[in-house]
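In this text the structure is predicted, and so the values were computed from the model without any measurement. Computed from heavy atoms alone, side chains included, the values below leave out hydrogens, waters and symmetry copies.
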Amino acid sequence: MKRLAVAVAALCALPLGAAERPGMDALFDQMAITVPAGQQSRFVAGDNLAGYYEGFTHSHGKGEGYVFKSGTIFRDYTSLVGERENDRARGQEQVLPYGHRLRFNNGATEEMALLSKQQALAITVTSPSAQALGVQPLLATRGAVEMRDGVLVVAPGPGATLFMALAADQPFTHDDRLVLRTTAAAHRFTVVAAFAATADEAAGKARALAQGDPIGLEKAALYQILTRSWLQTSDAEYNKALNWAKAASYMFVVDEYGAGIWAGLPWFRENWGRDTFIALPGTLLVSGQFDQARAVLANFAHYQNLGEPRGRDYGRIPNRVGLGDIIYNTVDGTPWMLREALEYVRYTGDRAFAAQMLKLAVPYFDGAFANYVDSDGLLRHDSADTWMDARIANKQPWSARGPRAVEIQALWYTALQAGAWFAAQAGDELHAREWSARADQARASFLRLFWDGRTMADRLREDGSRDTKLRPNQLMLASIPFDDFVPRAVQAQVTRNAVSQLLYPYGIASLSQDDPYFHPRHENPAFHHKDAAYHQGTVWGWNAGFTVTALNKFGYQDLSWRLTQNLGDQILHLGTLGNMSELLDALPHEGGRLKPSGTFAQSWSVAEYARNAYQDYVGFHPDLVQDVLAFSPAIPAAWTSFAAVLPFGQGESLAVDFDRRHGERWTFRLDGKLARKVRFDLLRPDKSRAVVEFTLAPGKASTLLVASGHASIDGAPLAAVVVQPSYAGLIGNLHFVKPKAYRPEAFPMLRGRDVLKGIVERNDYR
């Protein structure tokens, strides 16, 4: 109980602005997803080490249980009151980010929590009347069982390598079925199951956890993670989805191969370079988990390919880090990492980290210039080395994107700019000038080769011709966080072109439904292998992130808000509760039903949802490199108010209150020791943007009033300078695309079996 008291005391020491945040129990009550009786839905929780728990509501044993790389031991459990087993199928069940809880008709409850960083879980059963209470683990395998000083130790069974120890908060008996029962009548019974490589380690850990309040401590730790940053709007359902997205994205933060972020469950339980750094800002930066962000960056730097003699992958970070398996076949992993390293420095002011990133940048650029950069200064790559990386039997790419893809050039430019800053910060002016000049060359060449004044190429083919398949990748030209790779007018036209033909209410398609290569469903075995459709129309959840960024940049936040609401509904109600799948079928099924596909939980999907909240709606972009807190908000008309706490720096934060009384009223309160300059982009009614600047003093509330494009701070008018003209006339009105009806004969790729495969294998893919 002492540890719990310390944790609760820490919650009471939250920074200024914390008054807007609910208490711990209130937050989890608000987040609880209540599941109708009889509905068997998947839920997951992670241990932030190397395991996760998969369960299904209103059932026993349907999920995989507590999954380790070495296999599953603990599949599920039952709880008992007296001699009667609680019937989970009839219970009132709620899913929570750490597990689940149920209430039964007899007034009994059960609650299970996976314990972060412990390789353990805890189960509590309660009864309104004092009775013998029990818990029975349902095991996939078991070896010999022995009692050691009040702890039940189960040796590894066939196919297992870990010992399991069961301890409780009070004396218990057990039988051959491993039913643990209190020796005396009780109102409450908590059992801990801990896992370790040795019996002594497992027993010691289980005993120590059971002596405290393991579920209470888990909730307290998770509460601190969820409330280090905070956003509560006037839309309660969105608030719930956002908090789930933050909890779900943090679930993927692990220590299995050093600090990293898993890509997805159940198949992508490794640290993938590209996925990690796409997910990092929404997982660790907007949430204020800066130490962990730094650890993830440093760990991937450790795996950089520095082998001699130098091969074609020299200088790259891995595409994937797994058990005895490190591969480097990705063109964008290192550029994404350099981009996020600079974003981390901007959030934190950790200038010392620049020297470490310069050590990574020098060999990376040496390898890129030697092996992949062409005479135009653009980055060449293999056709399946972008995020659209599926291959036929690990050979030909299903959706060729080489040798020069649109988003790769944007990332290449950003990497060069980031590298130049790291070099300048470290006093390496030679590299700073060289990489900056290379960035300028890439920018000039790109616009000349990819843009014809109306359409943006998705890639340049080997012969230099422009592939103009309409894909969402071009929208990443508008989501570069530091600089404009192409002019804003081009970004606006790209946004119009992509959104008007790709954006459904539930997500953005990976290929236009009017394209002959379009596949309406991912898993459609009567017609094709699922990888044929993987990037040929299938909706990827993470692509909605940069779509929202582009729309909000140009003042179309009310359309992106409708998309965000639909994504929130997916998080709370579709597939894995509280998470997002990797994919959706491009076209709805009967009755408009959406069909999740791919991994049942994907980190970058939920991470991008969280990032959009803080960076694109509230618009917070701290830039401590320039000693400024930058805002470029795009507040949906549906938001009448919000309260936020925005972390940055070394323990600093900014509390913000917003409402629409008499225009827009922003009240700021800075928690820190230093005054901070604010650069604030006003989004005007005509969708232009003008910037104002002011200074906030620590501990003092200041109010920014915005009305009719004019602004004042604490009553003093502010001079506004236009930084972005309106592109509303160029973009026009944007609407969601109406999905076509699913009729196989209407789609060329479904007019036979393996149509796309034949095209690719005949080298006819264009």
Mark yes or no for whether Asn239, through its side chain, and Asp235, through its backbone, hold a donor-acceptor pair below 3.5 Å.
yes

Whether Lys219 and Asp213 form a salt bridge (side-chain N of Lys/Arg under 4.0 Å from carboxylate O of Asp/Glu) is what I want to check.
no

Electrostatic pair Arg103:Glu93 at N-O distance under 4.0 angstrom:
no

For Ile508 against Pro472, the heavy-atom pair lying closest together
CD1-CB, 4.0 Å

Any chance CZ of Arg391 has more than 12 other-residue heavy atoms, nucleotides or ligands included, within less than 6.0 Å?
yes

Side-chain (Glu582) to main-chain (Thr599) donor-acceptor, under 3.5 angstrom
yes

Does Glu64 pair with Arg42 as a salt bridge, N-O distance under 4.0 Å?
no

Answer yes or no on whether Lys69 is positioned over the face of Trp267, meaning its NZ or CZ is under 6.0 Å from the six-membered ring centre and within 45° of the axis.
no

Using the ring of each side chain (for Trp, its six-membered ring), is Tyr238 parallel, tilted or perpendicular to Trp639, with breaks at 30° and 60°?
tilted

Verify side-chain hydrogen bond (donor to acceptor under 3.5 Å, both in side chains) between Tyr250 and Gln292, making sure each step is shown before the conclusion.
CA-CA 11 Å; Tyr250 191 78; Gln292 293 204 52; 2.5 Å; yes

Just by distance, no angles: are the side chains of Thr190 and Thr124 close enough, under 3.5 Å, to form a donor-acceptor pair?
yes

Let's go through Asn329 and Asp385 carefully: what are the C-alpha distance in whole Å and the side-chain angles of both, what is the deciding distance for side-chain hydrogen bond (donor to acceptor under 3.5 Å, both in side chains) to 0.1 Å, and is it a yes or a no?
CA-CA 6 Å; Asn329 60 327; Asp385 278 3; 4.7 Å; no

Looking at Asp87, I want to see if its CG is surrounded by more than 12 non-hydrogen atoms of other residues, nucleotides or ligands under 6.0 Å.
yes

Any ion pair linking Glu110 and Arg88 (charged N to carboxylate O, less than 4.0 Å)?
yes

Validation row, ring centre Phe195 to ring centre Phe68 under 6.0 Å:
yes

May I ask you to check whether His589 and Tyr742 place their ring centres under 6.0 Å from each other?
no

Going by atom types alone, do Tyr66 and Asp47 pair a side-chain donor with an acceptor below 3.5 Å?
yes

Pair Tyr534 + Trp540: ring centers closer than 6.0 Å:
yes

Sole candidate of Phe300, Trp272, Trp336 that passes ring pair (Phe, Tyr, Trp, His ring centres under 6.0 Å) when paired with Phe277:
Phe300

Verify salt bridge (Lys or Arg N to Asp or Glu O under 4.0 Å) between Asp255 and Lys117, making sure each step is shown before the conclusion.
CA-CA 9 Å; Asp255 279 327; Lys117 302 289 187 180; 2.6 Å; yes

Keeping the roles fixed (side chain from Asn48, backbone from Val253), state whether a donor-acceptor pair exists under 3.5 Å.
yes

For the residue pair Trp542 and Trp387, categorise the inter-ring angle as parallel (less than 30°), tilted (30 to 60°) or perpendicular (more than 60°).
perpendicular

Do the side chain of Arg75 and the main chain of Gly61 share a donor and acceptor less than 3.5 angstrom apart?
yes

Salt-bridge present (Asp389, Arg274; N to O < 4.0 Å):
yes

Provide the closest heavy-atom pair for Ala601 versus Val44 in the form atom of the first, atom of the second, distance.
CB-CG2, 4.5 Å

Indicate yes or no: does Asp616 engage Arg611 in a salt bridge with an N to O separation below 4.0 Å.
yes

For the side chain of Arg316 and the backbone of Tyr328, is there at least one donor-acceptor N/O pair under 3.5 Å apart?
yes

Students often mix this up, so state it plainly: with edges at 30° and 60°, are the rings of Tyr98 and Phe28 parallel, tilted or perpendicular?
perpendicular

Quiz question: by atom type and distance under 3.5 Å, do the side chains of Glu608 and Gln615 form a donor-acceptor pair?
no

